[in-house]
Structures are given as structure tokens and as C-alpha cells.
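Letters A, B, ... mirror the listed sequences (proteins, then strands); counts begin at 1.
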Amino acid sequence: EDKVVQSPLSLVVHEGDTVTLNCSYEVTNFRSLLWYKQEKKAPTFLFMLTSSGIEKKSGRLSSILDKKELFSILNITATQTGDSAVYLCAVKRTDKLIFGTGTRLQVFP
Amino acid sequence: ETGVTQTPRHLVMGMTNKKSLKCEQHLGHNAMYWYKQSAKKPLELMFVYSLEERVENNSVPSRFSPECPNSSHLFLHLHTLQPEDSALYLCASSQQGMNTEAFFGQGTRLTVV
């Protein structure tokens, strides 16, 4: 059975800290791995990763994929209170997205 | 604004009611999805429509009935729901055949009383 596992389930940090969110997967017919940020309702797209070892970066956020070990990490440096959200990892299999439970990040001033 | 619009944003219904959720996408995509998000559970895929044909139905109870009249619109018809069906229902769209991301609507927060 396909599965996507995220850890930790929740994380509480102070502004300025650096955090690493983890996502491991066991999915047949893998096409890509996606990260989304969900603040209130609609998940918003962050990154799509298809190749191992190539870091994607957007401001203070970066992500990398390891297709041999079947995991990805999402790093956030110099966290801000606006980074507080649930971060969702999803694996795309043909046209089906399989989601993990998410990591709830809370950043306090 | 993601280009995917869902209505209503909130819905409270009794177990004997019939209601419908609506989703509209303005992105020119050819695939649309319904997801259910319950507390502390992963997003659960319910239905997939590709080119207006249902291609996936993940063992969803028959009290949920999807309808896709065209590539821009998707409905979820609800009848005789149970309290455990209370959840956030998210609609998404994507372009089938391309390895691109899905875009989500704001969701409908459904409460069954």
C-alpha cells in the first residue's frame, strides 16, 4: 500500500530558528514529490522535486529529494511567525497525489 | 487566489438534508479532484475526474455523489450524511499528462449535525 510519512507531527520554535521537516515515502509509479503550505484552508504550492540531489530554493525555504532512500526534507532558515502553518508532503503517482499527515509548525516571537 | 473557487465556504446540514458543494476552476485544467481532510488525518482522495470522466472512486460511500458537467466545474452532492462526515472538503485541479502541481480551492468546512 502506498504511504507518505511525515515527521515530526508538530514542531514549536522561536523566531530565527532553523527547522528541518522530513518526508519519507513508499509509492509505486513515483513521478514527483511536492511540498505544500497550509495556513487556513487551501494548501499552497511550494516545491516540486523530480530528481535526486538537486536542491530547490525559494527565499528562506529549500528542499531536496533522495530517490534512493525515498525521502525528502524541507528546510526553513531564520523562521518567522508567518511561517506558522501545516506543511504537507505529497507524492505524485500518475495523476494521483498521495498526502502525508503534515507537520504543524508554530513559530513564536 | 489560486484559480480554484469553492462554494459555500461553510455548510451546516442535518443528517436528512441534501446539499451540494461546488467547485470551479479558471486555469484551463483537464483534471479535477475532491479531497476530504479530517482532523489529524492525511488528505484523503475521494474522486478524480479526467476529461470529464470519473477515473477514480476511492471506496467512497454512496451518500457522496460527484458530478462533472464540464472540465471547469465539479460538484459533490451530499445526502443522508453522518456526523463523522464533518470535515474540510477540498477541490483541486491539475493538467493531466504534465508533471505539474495541483491547485487547491479554499475548501468547504462541512458540519453534519
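With a 6.0 Å radius and a threshold of 12 heavy atoms from other residues, nucleotides or ligands, A/Lys57 has its NZ atom above the threshold. Heavy atoms from other residues, nucleotides or ligands lying under 6.0 Å from CD of B/Glu67 number more than 12. Environment of NZ in A/Lys67: crowded, with over 12 heavy atoms of neighbouring residues, nucleotides or ligands closer than 6.0 Å.
Of all the listed residues (B/Ala102, B/Ala92, B/Gly107), the one sharing the greatest number of non-hydrogen pairs under 4.5 Å with chain A is B/Ala102. By number of non-hydrogen pairs under 4.5 angstrom with chain B, the leading residue of A/Gly100, A/Pro43, A/Gly102 is A/Pro43.
Residue A/Leu65 is grouped with residue A/Trp35 when hydrophobic side chains (ILVMFWY) are merged at heavy-atom distances under 4.5 angstrom, including chains of intermediate members. A/Tyr87 and A/Ile73 fall into different hydrophobic clusters, where Ile, Leu, Val, Met, Phe, Trp and Tyr residues are linked whenever their side-chain heavy atoms come under 4.5 Å apart, directly or through other members. The cluster map of Ile, Leu, Val, Met, Phe, Trp and Tyr, joined by side-chain heavy atoms under 4.5 Å apart, puts B/Leu45 and B/Phe64 in different clusters. Grouping the Ile, Leu, Val, Met, Phe, Trp and Tyr side chains by contacts below 4.5 angstrom, directly or via other members, places A/Leu74 with A/Val91.
Across all non-hydrogen atoms, the minimal contact from A/Ala42 to B/Gly105 is CB-O, 3.0 Å.
B/Leu43 pairs with exactly one of A/Leu97, A/Val4, A/Leu88 by the side chain to side chain contact (heavy atoms under 4.5 Å, CB included) rule, that one being A/Leu88.
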Inset, instruction - Report the C-alpha separation of A/Tyr36 and B/Glu101 in whole Å, then their side-chain angles, then the decisive distance to 0.1 Å, and conclude whether the side chain to side chain contact (heavy atoms under 4.5 Å, CB included) test is met. - result: CA-CA 10 Å; A/Tyr36 285 85; B/Glu101 68 271 28; 3.7 Å; yes
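Although no hydrogens or angles enter the test, the distance criterion places a donor-acceptor pair under 3.5 Å between the side chain of A/Lys92 and the main chain of B/Thr100.
The shortest side-chain heavy-atom distance between B/Gln37 and A/Gln38 falls under the 4.5 Å cut-off. The shortest side-chain heavy-atom distance between B/Phe104 and A/Phe45 does not fall under the 4.5 Å cut-off. In this structure, A/Lys41 and B/Gln6 have side chains that are not in contact, with every pair of non-hydrogen atoms separated by 4.5 Å or more.
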